[in-house]
Amino acid sequence: MHLAQRALRRTASAATVALLAVAVGCAPQPEDKATASGTSAESCAKSTLQTKTSGKLTIATDEPAYEPWFKDDKPASGKGFESAVAYAVAKQLGYAKGNVVWQSVPFNKAFAPGEKTFDFDINQVSISTERKKAVDFSSGYYDVRQAVIALKSSKAAKAKSVADLKGLKLGAQVGTTSLDYINDVVKPTQEPAAYAKNDQAKSALKNGQVDAIVVDLPTAFYITAAEVTDAKIVGQFENQGGTPEQFGLVLDKGSALTSCVTSAVDALRKDGTLAKIEKQWLSEAVDAPVLK
Amino acid sequence: MTVTKEESGQEDADDRGDMSGGGDAYVPSPRRIERERYKRTRARRATAIAALSTLITGVVLYFVVVGAPGWPRTKETFFDAQYAREALPKVLEGLWLNVRLLLVCGAAVLVLGMLIAIARTLRGPVFFPLRALAAAYTDFFRGLPLIINLMIVVLGVPALRLQGVTVDPVLLGGTALTLTYSAYVAEVFRAGIESVHPSQRAAARSLGLTNRQALRHVVLPQAVRRQVPPLLNDLVSLQKDTGLVSIGGAVDAVRAADIIVGRSLNYTPYIVAGLLFVALTIPMTRFTDWVTARMDRQRAQGGTL
C-alpha cells in the first residue's frame, strides 16, 4: 500500500511539474501585431506593409477552387474571376505576380481564432455585420445574387415566385448565404438539406434527393452550363433589405493590412478594373429572371 | 481514500473473527489502538496532500488557459452565451435525429452482428460457404472507411435510380452505419463466444444438449457478459458517428451547429453540441455499469447452486 501511495505521489508531483513546464512554455506568446502602423491609407507603401513573409503577399483560398472563380483549380494561374481580382489587389499593393504566394485553407479554418497563416483569404465570402465580429473584411469586390437551380424535368423548374418554392425540398451548402436565403426568404415547409460541399448538393440534385438547390449566380451559370447540363436556373433572389450582398476579402481580426487592402479594392473599383475583370470572367452571369 | 476504507473493512472482518474465536467481549490491545491511530493520521495526510495537489493543478490549468494571450478572443469565439442560447434549440432538434438513428441502428447492429458472429463460429463442413461469407463481410466492412461507405450508399445508391429504393439520406445513412458497425460488433461477439472455455461446450454436450442448445444456454450467456464493455464502446462510437449522415444533407446536431457557425463565424454552437453528446454518453455508461453489476450479482447467486 505504502509503495503504491508513494508511486502515486511521485506521479502526481511529476505531473504538476510537467504542467508548470507547459505553462511556462506557453505563456510568452507574441502579442498581436495589430499596432497603429499602416492604418492610414497614405502608409500603404509596399515597404511598410507587415505581411506574413516580408516582400511576399500570401493569399489563401479553399481547395478545390471552383469555376468560374478560379480556372482548372489553379489559383496561381491568374485565370478565373477571383484569381484575377487577387492579382489586381496584389498589384495595387505593389506586389508583382512572382511575389504572390497561394495557400490552401479550408473555408471553415479561415475564420478560426488564432494567428492566421495568410495575409488575406479570397473565397466567395459574403460580408455581414455578424461575421465582422470574428474577422476583418475588405470592402466588397463583387455584388452577388443568389440563384435557384433545378432539373429541367422537375416541378421546381416551373417556379415563378418565391412562394412557388415553399413546398419543395431545397438544399444548399452549409455556412453559405445560400442556405440563409432558403431559411430566411423562402421559409420552406420541409427542412432544407445542408451539404458540406456544393459537390454533394449537385449530386443530390442529379439524383432527385432535392427538388432544387441554391448557389450564387455565377456558380449557378457554371453548374447549368458545364456540370449538370439537364438543370436550369429557375431564377435569382432579390437583394434583402435593399443592400446588395457583397463578397469581401477576409483578413485576421485587427489586421494591420485591412485598411490598405480596402483602399486597394476601392481604387480598383474606381478605375474600372473590377468591372473589366467581372466582364471577362462572369459576363454571362448577368441575366436570370428575378423571383419575387 | 478507497484504499484506507478497504483496510478498515478488512479489520472489521478480523474483529469479527476475534469475537467468534474468543467468545468474550473484544477489547483491542493498546498496540492495536496505536496502530489504528497511526493509520488514520497517514490517511488524513494522504487526503490532504491529494487535495492540495489537485488544487494546485486546477489553479495552474486555470491560469494557463485564462492567462493565454488569445484567451479573450477564444472566450468570445467559443463561449458566447448569446450564441449558446441561439444554438441550443436547433442543436437539440438535430440531436433528436442522432438519438433516433442510434436506437434504430443500435438494435439492427446488435441483431446483425450476432447473426454474423454465430455464422462465423458454426462448425462442420456444410457451413463453410456461410463462414466464408461472414468472414468476407467482416473483413470488408471493417476495412472500408465509414465515410467512404456512407458516400457510396448515400450518394451512390440514389444514382442507380432503382424503383422502390428510398433516396432519403437518413435511411440510406442508417443503412451504411449498420453495415459498418455490425462488422465491428460481429467481431466483438465472436471474440466473446470464443473466449468461453471449450470445456463449457464439452460439458454441455456431455449433458445431452445439442450444439444449438449449448450455444443458446451455455456459451452465449457467458459470452454476452464479457462483451458488455466493448459493446458499449461501439455503441458510444456509433452514437457519435450517426452525425455523419449529414453527408446526405440531413441536419443532425453537429450540422445544426455548423449552420449557425457558418453565419456568425462564432464556434460556441460546436461546444453546445459537444456537451450534449457527452451528456448523452454518461447516462448510457452508468446504465451499462448497473446492468453489468446486476448480472454479476445474479451469477454469484447462481454459483451457490
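Every chain is numbered from 1 and lettered A, B, ... according to where its sequence line falls, protein lines coming before strand lines.
Residue B:R161 touches chain A through its side chain alone, counting heavy-atom pairs closer than 4.5 Å. Within the 4.5 angstrom heavy-atom criterion, only side-chain atoms of B:F78, from C-beta onward, approach chain A. At a 4.5 Å heavy-atom cutoff, the contact between B:S264 and chain A is made by backbone and side-chain atoms alike. Looking at B:L172, only its side chain comes within 4.5 Å of chain A, counting heavy atoms on both sides. Of the two parts of A:A204, neither the backbone nor the side chain holds a non-hydrogen atom closer than 4.5 Å to a non-hydrogen atom of chain B.
Contacts with chain A were tallied for B:G248, B:A250, B:G249; B:G249 has the most, counting heavy-atom pairs under 4.5 Å. Residue with the most contacts toward chain A among B:I260, B:L160, B:I247: B:I247 (heavy-atom pairs, distance under 4.5 Å). For the set B:A50, B:A159, B:A256, B:S246, the count of heavy-atom pairs under 4.5 angstrom toward chain A peaks at B:A159.
Closest of all the heavy-atom pairs between B:Y83 and A:E130 is OH-OE2, 3.0 Å. Taking all atoms of both residues into account, the shortest heavy-atom contact from A:R131 to B:R263 is CG-O, 3.2 Å. For the residue pair A:G208 and B:V167, the shortest heavy atom distance occurs at O-CG2, 4.3 Å. In terms of heavy atoms, A:N207 sits closest to B:P158 at CB-CB, 3.8 Å.
The distance from the NZ atom of A:K169 to the CG atom of B:D168 is 8.0 Å, given to the nearest 0.5 Å. Interatomic distance, B:L155 CG to A:K202 NZ, rounded to the nearest 0.5 Å: 13.0 Å.
Residues B:N266 and A:K133 have side chains not in contact (no heavy-atom distance under 4.5 Å, counting atoms from C-beta outward). Between A:K253 and B:L265 there is no side-chain heavy-atom pair separated by less than 4.5 Å.
When atom types are taken as modelled, the side chain of B:D258 and the backbone of A:G175 share no donor-acceptor pair closer than 3.5 angstrom.
The number of heavy atoms from other shown groups lying within 6.0 Å of NZ (A:K109) does not exceed 12. Around the CD atom of A:Q190, the shell of radius 6.0 Å holds more than 12 heavy atoms that belong to other residues, nucleotides or ligands.
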